[in-house]
Number of protein chains: 2
Amino acid sequence: MLDDAISNVKRTRIQTVNREAILQAALSVFSAYGYRGATLDEIAEKAGMSKPNLLYYFPRKKSLYVAVLEETLAQWLAPLATMKADGDPADELSRYIDAKIAMSRDNPAASRLFASEILQGGGAITEFLHGPLKAIVDEKSRIIADWVAAGRLRPVDPRHLIFMIWATTQHYADFDVQVRAVLASDDETRFDVASETARRVILEGLLPR
Amino acid sequence: MLDDAISNVKRTRIQTVNREAILQAALSVFSAYGYRGATLDEIAEKAGMSKPNLLYYFPRKKSLYVAVLEETLAQWLAPLATMKADGDPADELSRYIDAKIAMSRDNPAASRLFASEILQGGGAITEFLHGPLKAIVDEKSRIIADWVAAGRLRPVDPRHLIFMIWATTQHYADFDVQVRAVLASDDETRFDVASETARRVILEGLLPR
DNA sequence: GTCTATACATGGATAGAC
DNA sequence: GTCTATCCATGTATAGAC
C-alpha cells in the first residue's frame, strides 16, 4: 500500500480542484510516455503548478501513477459489465463494440495509459489483471459459450473473441497516429466506419445462417 | 540525418559482434520502456559492456534508437508485401493472418517496439508512416477493393479490415501479460487458437455465401 | 497551501589513459 | 577498442520560509 497523499476524505475546495488538475495532467503525460518516461516537471507544468506543490498532493511519483491508473481501470472495465446473458447475442456484441469504440474516440488517453502499462509489463496492475479482470472475462465467456451451445452463435473461443473485440476497438486510440497516417488524416468519420466494419465482420462471422 | 556511429562499411569481427549485441539489448529495453523510459545503463549491461563502450558504437541514444527502429520496421512490413491480387482471397487473408500471428509469437519485442513508438506519438517514424507504410496499404487496399467489386468478398472498407487484422494479431505480442492473465497463463496453444479464431471470424464474415 | 532553495541520485555524454 | 573518471543536465524528493 502506498501512502496516497492527503487523507482521502474532507478535501477543501481548492484541494479538489488541484487534485483534478493534477490527475488530468498526469493521465496525459503518463499515457504518452509510460511511467518511467514521464516526468513530474511536465505534469506540474500541465497542471499549472510548481513541482513541490504537486508533491504536496501526491508525495511520490508512484502514488500519483497508481491513482491515475485506478481511475482508468474502472472506466476501462465498465462497458463489459453491461453484457447480458438473456439479451440477443447480436445486440449485446454490437452494443459492446460500439461502447468500446466510443471510449477510444472520447477518451483515448485512458486507453493509451492502459496499453502503456501492459506494454511495460503490467507490474502495477498484476492484481487487477488476475483478479477483477480475469473474473469478469470468465463470467462473460460463460455467457458467450452458452450462446454457442444454444446454437445462437457459431463455434468460437469466447476469450479470443473478447481479445479480438478489445484489440480492434482500442486500436483506434492506441495507434491513432498510424491510423491517421494511413487514412490521410482528417477523416473524421473513421470511428463510425470502424464501428460498422467491426460489427459487420464479427457478427456476420458468428451469427448462424 | 543522425550521425550513426562508426562508418557503415568495413567492420571488424568484434565490431560486428558488439553491434549485434547492442542492437539486441536495445530492442529489448526500448520495447519495454519506450524511448524516454529506456536507459543506456540498462542496455549496456544487457549487452555485456560498459556504457562508454556502447557509446563508442552509437554516439547518442537517439542514433541507437533509430537503428533499432529501422531494422524493426522492415520486418514489420514484410508479410503484407506478399499479399497477391491474383490469389484466392481466403488463402491470401489466411496466410497474412498466420504470418502476423507468427511474428507476435516469434518476435514480440519487435511488435512492442513499434507499438511503443506509435503510442508515444510516432515522431521518429513520421516519414515511414506517411511514406512506405501508407503506400503499401493503399496498394493492398486496391486489391481488396477489387475482390469486393468482383463479388469474391462481401462489402468491407479495406483499410479498416487491415486495421482489424493488425490489431488482432499484434494484440498477442503487445498485450501479452494481459492475455496470459486472462487465459490463466501457461496456455501455450494460445497462438494457434488465436490464429484459428481470427481466420474463422474474419473469413466467415467476409466470404460470399 | 504554496513557494524558493536545495539535497541527492540518475542519466547522457566526453576526456584521456591504456 | 575499451576502460576509469568525470562533467553536467535532469529528475525525484525534502526543508523551511511565508
Are OP1 or OP2 of [N] and a side-chain N or O of [X] less than 4.0 angstrom apart?
| X | N | answer |
| --- | --- | --- |
| B:Asn53 | D:dG1 | no |
| B:Asn18 | D:dT2 | yes |
| A:Ser50 | C:dC3 | yes |

Identify all pairs in which a protein N or O lies below 3.5 Å from an N or O of nucleotides 6-11 of chain C, and state each distance.
{"residue": "C:dG11", "atom": "OP2", "partner": "B:Asp41", "partner atom": "OD2", "Å": "3.3"}

* Name all stems that contain residues of DNA chain C, defined as runs of 3 or more consecutive Watson-Crick or G-U wobble pairs, both distances under 3.5 Å. => C:1-18 with D:1-18
* Can you check whether A:Asp98's main-chain N or O pairs, donor with acceptor, with A:Arg199's side chain at less than 3.5 Å? -> no
* Partners of A:Glu139 by side-chain contact (heavy atoms from CB on, under 4.5 Å), sequence neighbours excluded? -> A:Ile136
* Go through D:dA13, C:dT14, C:dG1 for me and flag the one nearest to the A:Thr12 side chain. => C:dG1
* Asked: 5'-most contact on DNA chain D: B:Ile14 or A:Pro52, nearest heavy atom basis?
  -> B:Ile14
* Could you check whether the rings of B:Phe175 and B:His171 sit parallel, tilted or perpendicular, using 30° and 60° as the cut-offs? => parallel
* To do: Determine which pairs satisfy salt bridge (charged side-chain N to carboxylate O under 4.0 Å, His left out) with at least one residue from residues 39-55 of chain B, sequence neighbours left out, and list them in order.
  => A:Arg36-B:Glu42, B:Asp41-B:Lys51
* To do: Mind jotting down which residue pairs meet the salt bridge (charged side-chain N to carboxylate O under 4.0 Å, His left out) criterion with at least one end in residues 128-138 of chain B? Sequence neighbours excluded, please.
  => B:Lys134-B:Asp138, B:Asp138-B:Arg159
With a 3.5 Å cut-off and sequence neighbours excluded, list the donor-acceptor pairs that the side chains of residues 108-119 of chain B form with protein atoms.
{"residue": "B:Ser111", "atom": "OG", "partner": "B:Asp174", "partner atom": "OD1", "Å": "2.8"}
{"residue": "B:Arg112", "atom": "NE", "partner": "B:Ala173", "partner atom": "O", "Å": "3.0"}
{"residue": "B:Arg112", "atom": "NH2", "partner": "B:Ala173", "partner atom": "O", "Å": "3.3"}
{"residue": "B:Glu117", "atom": "OE1", "partner": "B:Tyr65", "partner atom": "OH", "Å": "2.4"}
{"residue": "B:Glu117", "atom": "OE2", "partner": "B:Gly123", "partner atom": "N", "Å": "3.2"}
{"residue": "B:Glu117", "atom": "OE2", "partner": "B:Ala124", "partner atom": "N", "Å": "2.9"}

